[in-house]
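Order of the sequence lines sets the chain letters (A, B, ...), proteins ahead of strands, with each chain counted from 1.
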Number of protein chains: 2
Amino acid sequence: MGATRKSIETTLDLLWTGLGRPKRGPRHQLTVRRVVEAAMAVAEAEGVEALSMRKVAAHLGVGAATLYTYVPDKAALLALMVDDMIGRAPLPHTRPGTWREKVEAWAREDLASFRAHPWLIEVTSGPFVGPHAFAWTDSALRVFDDTGLSAEEAVAVVESVDALVRGHVARVVVADRAESLTDPQGRSFASIQEGYLSTRRIEAGRFPSIERIEAPLDAVAVFERSLVWLLDGVERDIAERGARG
Amino acid sequence: MGATRKSIETTLDLLWTGLGRPKRGPRHQLTVRRVVEAAMAVAEAEGVEALSMRKVAAHLGVGAATLYTYVPDKAALLALMVDDMIGRAPLPHTRPGTWREKVEAWAREDLASFRAHPWLIEVTSGPFVGPHAFAWTDSALRVFDDTGLSAEEAVAVVESVDALVRGHVARVVVADRAESLTDPQGRSFASIQEGYLSTRRIEAGRFPSIERIEAPLDAVAVFERSLVWLLDGVERDIAERGARG
DNA sequence: GATTAATGTAGAACAGTGTACGGAGTTTTG
DNA sequence: CAAAACTCCGTACACTGTTCTACATTAATC
């Protein structure tokens with residue numbers, strides 16, 4: 001993966017300003033935005049692992065090599081997709097209620113959004129930070145303006161909530177896929193594995209604590225509880241800080 | 001990716017029991033374990049994204065097609081790698097101290113381990129659950145045996161801590177890579193992006209809350225604080241439960 | 001001991017992938 | 001009108017996971 005200085009800076013330019021149109025040469029028959037939209041459509045329909053440059057190009061009715069006129073890399077395309085998606089989320093500080101209500105609302109919606117667009121979580125690993133990501137973070141920090149937390153502490157809270165959401169999302173997305181992936185006979189991966197584990201190989205008493213689970217909470221319920229725990233901790237921290245100062 | 005019922009069950013057999021040796025035919029010159037070890041060596045040295053069947057085969061001095069005698073899939077190979085790695089982690093309930101000390105110890109070590117072996121986090125997305133994963137979870141649940149939490153609630157705590165760790169790990173691993181990825185001239189991705197953002201395009205006042213950050217906490221410090229918050233919340237929950245019942 | 005069935009090995013091939021290259025056609029500049 | 005700058009894209013290269021097929025090897029059977 002040749003990540004040259006030039007391709008990195010071109011990607012950053014695309015994220016932050018867009019590229020100035022050249023003066024000479026034939027007119028563009030596409031725009032960066034249309035390329036990004038097509039890529040998102042493919043990712044939405046078939047998942048990121050099926051997202052290829054050729055498929056995006058075919059969607060747009062152009063040759064595969066043409067995409068490289070608009071975008072230096074597949075990595076750049078993915079970064080643009082992600083930042084675009086972040087830009088669609090409501091800004092946290094504009095939500096109603098106390099800081100805690102704002103955090104809960106954004107966390108819940110983030111979880112739902114990741115779940116609805118699983119390609120987001122599998123791609124965000126890219127190290128690019130775009131303007132929408134900046135704006136979102138800035139807005140999230142503003143949520144804590146009246147809490148007495150320092151800027152650094154507010155960052156810690158924001159990143160912690162984000163980490164919690166992403167961690168749960170990873171689990172939920174895997175579970176969702178295990179349910180929807182089916183073999184040629186129509187059995188889901190989840191049911192095959194469950195069948196295997198329940199009928200074979202796990203003798204009673206080998207995992208006693210797991211056996212004690214009777215009615216497992218669903219993933220979203222677990223997420224909600226963890227959010228309460230985390231924010232209880234933050235709230236206590238804020239209250240103590242207020243009592244001292 | 002053709003995940004047939006047969007390949008899924010073969011993978012589960014490999015995870016849980018190993019495969020019985022056939023009666024006829026030439027002797028094996030390899031074992032599943034050696035294949036898995038070679039794959040882990042490659043992942044360790046070059047990262048998962050560089051892990052290919054041909055590279056593993058070359059490492060073992062055999063043809064690429066030979067690997068398919070031992071393993072049905074690349075997915076199976078990855079599942080075996082992950083479960084093997086999980087098996088190396090100390091069992092939570094054997095750690096010293098209170099439930100909280102045990103949780104903190106395992107969370108801290110998990111973070112460090114993911115960071116040292118980043119391929120783990122990029123692969124664990126696989127839906128297979130192996131015996132080491134079961135054993136680890138069972139052990140983690142035992143940590144809460146004396147807290148008064150129900151089995152279901154203990155699961156919620158374990159999954160929440162795990163989610164928090166994984167979420168932070170994602171961030172840390174991306175940051176680590178942005179630091180270590182260098183272009184041909186030796187500049188790191190992180191420094192290129194930072195240079196770009198600080199000298200261009202972000203006019204003062206556009207992101208006021210971000211500007212207010214002076215000495216950002218490092219990622220591990222943020223993780224430690226979030227762990228305190230989460231466990232403070234859990235502890236309060238446990239205490240209230242104890243007071244009621 | 002010879003035959004047959006079952007199995008491990010691996011080269012070649014298939015359908016993909018991201019992307020570099022070079023040529024053809026198009027538009028603007030001088 | 002020529003030259004420069006540019007878009008478009010067929011082709012090609014080095015990869016990928018996986019299957020197929022031919023062959024060698026072993027064990028069981030007659």
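Distance, Glu49(A) CD to dG17(D) P: 15 Å, rounded to whole Å. If you take CZ of Arg27(A) and P of dT28(C), they are 5 Å apart, rounded to a whole angstrom. The nearest whole Å value for the distance from the NZ atom in Lys6(A) to the P atom in dT19(C) is 15 Å. Per the geometry, CE belonging to Met53(A) stands 6 Å off P belonging to dT19(C), to the nearest Å. Spacing between atom CD of Glu46(A) and atom C1' of dG16(C) amounts to 14 Å, rounded to whole angstrom units. Arg21(A) has its CZ atom 20 Å from the P atom of dA5(D), to the nearest Å. One atom, CG of Leu67(A), and another, P of dT19(C), lie 10 Å apart when rounded to the nearest Å. Spacing between atom NZ of Lys23(A) and atom C1' of dT27(C) amounts to 14 Å, rounded to whole angstrom units.
The side chain of Val62(B) sits closest to dA10(C) out of dT7(D), dA10(C), dT18(D). The Arg24(B) side chain lies nearest to dA28(D) when the options are dT19(D), dG18(C), dA28(D). Checking dT9(C), dT19(C), dT25(D) against the side-chain heavy atoms of Thr66(B) singles out dT9(C) as nearest. The listed nucleotides are dC6(D), dC8(D), dA20(C); the one nearest the side chain of Thr69(A) is dC8(D).
In the interface, the side chain of Arg54(A) is paired with the base of dT17(C) through a donor and an acceptor atom under 3.5 Å apart.
For the pair Arg177(B) and Glu122(B), the salt-bridge criterion is met [side-chain N within less than 4.0 Å of a carboxylate O]. No salt bridge links Arg206(A) with Glu211(A); every basic N to acidic carboxylate O contact stays at or beyond 4.0 Å. With respect to the salt-bridge test (charged N to carboxylate O, under 4.0 angstrom), the residues Asp162(A) and Arg171(B) qualify.
Within the 4.0 angstrom heavy-atom criterion, only backbone atoms of the sugar-phosphate kind lie near Gly63(B); the bases stay farther away. Nucleic acid contact for Leu51(B): sugar-phosphate only, since backbone atoms but no base atoms lie under 4.0 Å from a heavy atom of the residue.
The phosphate of dC8(D) has OP1 or OP2 within less than 4.0 Å of a side-chain N or O from Tyr70(A). Between Gln29(A) and the phosphate of dT7(D), there is no side-chain N or O to OP1/OP2 separation shorter than 4.0 Å.
Residue whose closest nucleotide on DNA chain D sits further toward the 5' end, between Gly25(B) and Gly61(A): Gly61(A). Looking at which nucleotide of DNA chain C each of Pro26(B) and Ala64(B) is closest to, the 5′-most match is held by Pro26(B). When each of Lys55(A) and Pro22(B) is assigned the nucleotide of DNA chain C bearing its nearest heavy atom, the one mapping closer to the 5' terminus is Pro22(B).
Relative ring orientation between Phe128(B) and Phe189(A) is described as perpendicular, the plane-to-plane angle rising above 60° on a 0-90° scale split at 30° and 60°.
Under a 3.5 Å cut-off, the side chain of Ser191(B) and the backbone N or O of Arg187(B) do not form any donor-acceptor pair.
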